[in-house]
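For reference, the structure discussed in these notes is given below.
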Amino acid sequence: MTRRRTPQISSRKQPQQARSTELVAAILEAATQVLAREGAQRFTTARVAERAGVSVGSVYQYFPNKAAILFRLQSDEWRQTTDMLGRILGDVRKPPFERLRALVHAFLRSECEEAGMRVALNDAAPLYRDAPEAREARASGDRFVQAFLEEVLPKASKAKRARVGDLITTTLSTVGKDFSESPRTSAEIKAYANAMADMFCAYLEGLAQG
């Protein structure tokens, strides 16, 4: 049985000069617009180049294929989410459950604000989800969650905290995706976030007391 080849998703080179940085920024902005308008199935390097007003060769200087462009958009989204996790969960000036509630609210708002782009990136995920770079990117957010759970569940085993973290993050992402697929008002987002935060806090409180 032939193993499926994993596409190259790393950028060919990093921009070193201001002009190159501006070119990459223009390519990524164009890619965002093409993805939002055409969806993942009709997303091509040629369409991105046309939208950016550059040659296809200019795009290939930095991105070897469309999977690399899509992965860059996805990794930027992952980095934003990771930064949010670190900023909110790592703010030890606030009680743990207050931080968790703030995270749920911020995450759900973000999902609803960027629903179109996230749905399109999810459709494109098969192009890069098994690549080492994708696993490494996802692992960064997991580390913040595990550090938070070490604080909340200090007596739990590492394996148990890993299960709890996986359950919480999977629930957040899955429910967030489904919830954001329909237009939502601020009141709806707030009510839903409160309910989900109540559920997570009750779950962790039960584990801490058990």
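Side chains included, hydrogens not; waters and symmetry mates left out as well; all remaining heavy atoms used. Just so it is clear, the structure is predicted and the values come from calculations on it, not from any experiment.
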- Item | Partner set under salt bridge (Lys or Arg N to Asp or Glu O under 4.0 Å) for Glu38, not counting sequence neighbours | Arg42

- Message: For residues Trp78 and Leu103: do they belong to one hydrophobic cluster (side chain heavy atoms under 4.5 Å, members Ile, Leu, Val, Met, Phe, Trp, Tyr)?
- Response: no

- Query: Is it true that Arg87 and Asp83 make a salt bridge, defined as a side-chain N closer than 4.0 Å to a carboxylate O?
  - Reply: no

- Excluding sequence neighbours, so at least two apart, what forms ring pair (Phe, Tyr, Trp, His ring centres under 6.0 Å) with Phe179? Tyr192

- Can you find a side-chain donor-acceptor pair between Glu77 and Gln80 that sits under 3.5 Å? no

- Query: Who are the salt bridge (Lys or Arg N to Asp or Glu O under 4.0 Å) partners of Arg99, not counting sequence neighbours?
  - Reply: Glu151

- Message: Distance check, rounded to the nearest 0.5 Å: Lys66 atom NZ versus Thr44 atom OG1?
- Response: 7.5 Å

- Gap between atom OG1 of Thr81 and atom CD of Glu114 - 0.5 Å precision: 8.0 Å

- Task: Would you give the length of the straight line joining atom CG of Leu73 to atom CG of Leu35, rounded to the nearest 0.5 angstrom?
- Result: 6.5 Å

- Message: Quick check for you: to the nearest 0.5 Å, what is the distance between Leu70 atom CG and Asn65 atom CG?
- Response: 9.0 Å

- side-chain contact (heavy atoms from CB on, under 4.5 Å) involving Glu29 - partner list, sequence neighbours excluded: Gln33

- Query: Say you draw a straight line from CG of Leu89 to CZ of Phe144; how long is it, rounded to the nearest 0.5 Å?
  - Reply: 9.0 Å

- By ring pair (Phe, Tyr, Trp, His ring centres under 6.0 Å) - contacts of Phe107 (at least two apart): none

- Task: Tell me, please, which residues at least two apart from Glu50 pass salt bridge (Lys or Arg N to Asp or Glu O under 4.0 Å).
- Result: none

- Going by the side chain to side chain donor-acceptor pair (under 3.5 Å) test, which pairs reach into residues 194-210, not counting sequence neighbours? Arg101-Asp198, His105-Asn194

- Item | Shortest non-hydrogen separation from Glu111 to Gly176 and the atoms involved | OE1-C, 3.6 Å

- Query: Looking only at atom types and distance, does a side-chain atom of Glu188 sit under 3.5 Å from a main-chain N or O of Thr185, one as donor and one as acceptor?
  - Reply: yes

- Please test Phe63 against Val24 for side chain to side chain contact (heavy atoms under 4.5 Å, CB included), starting from the C-alpha separation and ending with a verdict. CA-CA 9 Å; Phe63 302 100; Val24 170; 4.2 Å; yes

- Taking only residues two or more places apart in sequence or in another chain, which ones pass side-chain contact (heavy atoms from CB on, under 4.5 Å) with Ser55? Ser58

- Message: For the OG1 atom of Thr32 and the CZ atom of Arg37, what is their distance to the nearest 0.5 Å?
- Response: 12.0 Å

- Item | Partners meeting side-chain contact (heavy atoms from CB on, under 4.5 Å) with Ala106 (sequence neighbours left out) | Met84, Ile88, Arg109

Run the side-chain donor-acceptor check on residues 160-171: report pairs under 3.5 Å with partners two or more places apart or on a different chain.
from   : atom 1 : to     : atom 2 : distance (Å)
Arg161 : NH1    : Leu153 : O      : 3.2
Arg161 : NH1    : Ala156 : O      : 2.7
Thr169 : OG1    : Gly165 : O      : 2.9
Thr169 : OG1    : Asp166 : O      : 3.3
Thr170 : OG1    : Asp166 : O      : 2.7
Thr171 : OG1    : Leu167 : O      : 2.7

- Item | For the student: nearest non-hydrogen atoms of Val104 and Ala197, plus distance | CG1-N, 4.2 Å

- With sequence neighbours excluded, tell me which residues meet side-chain contact (heavy atoms from CB on, under 4.5 Å) with Val152. Pro96, Phe97, Phe148, Leu204

- Query: Got a sec, which pairs hit ring pair (Phe, Tyr, Trp, His ring centres under 6.0 Å) with one end in residues 35-59, sequence neighbours left out?
  - Reply: none

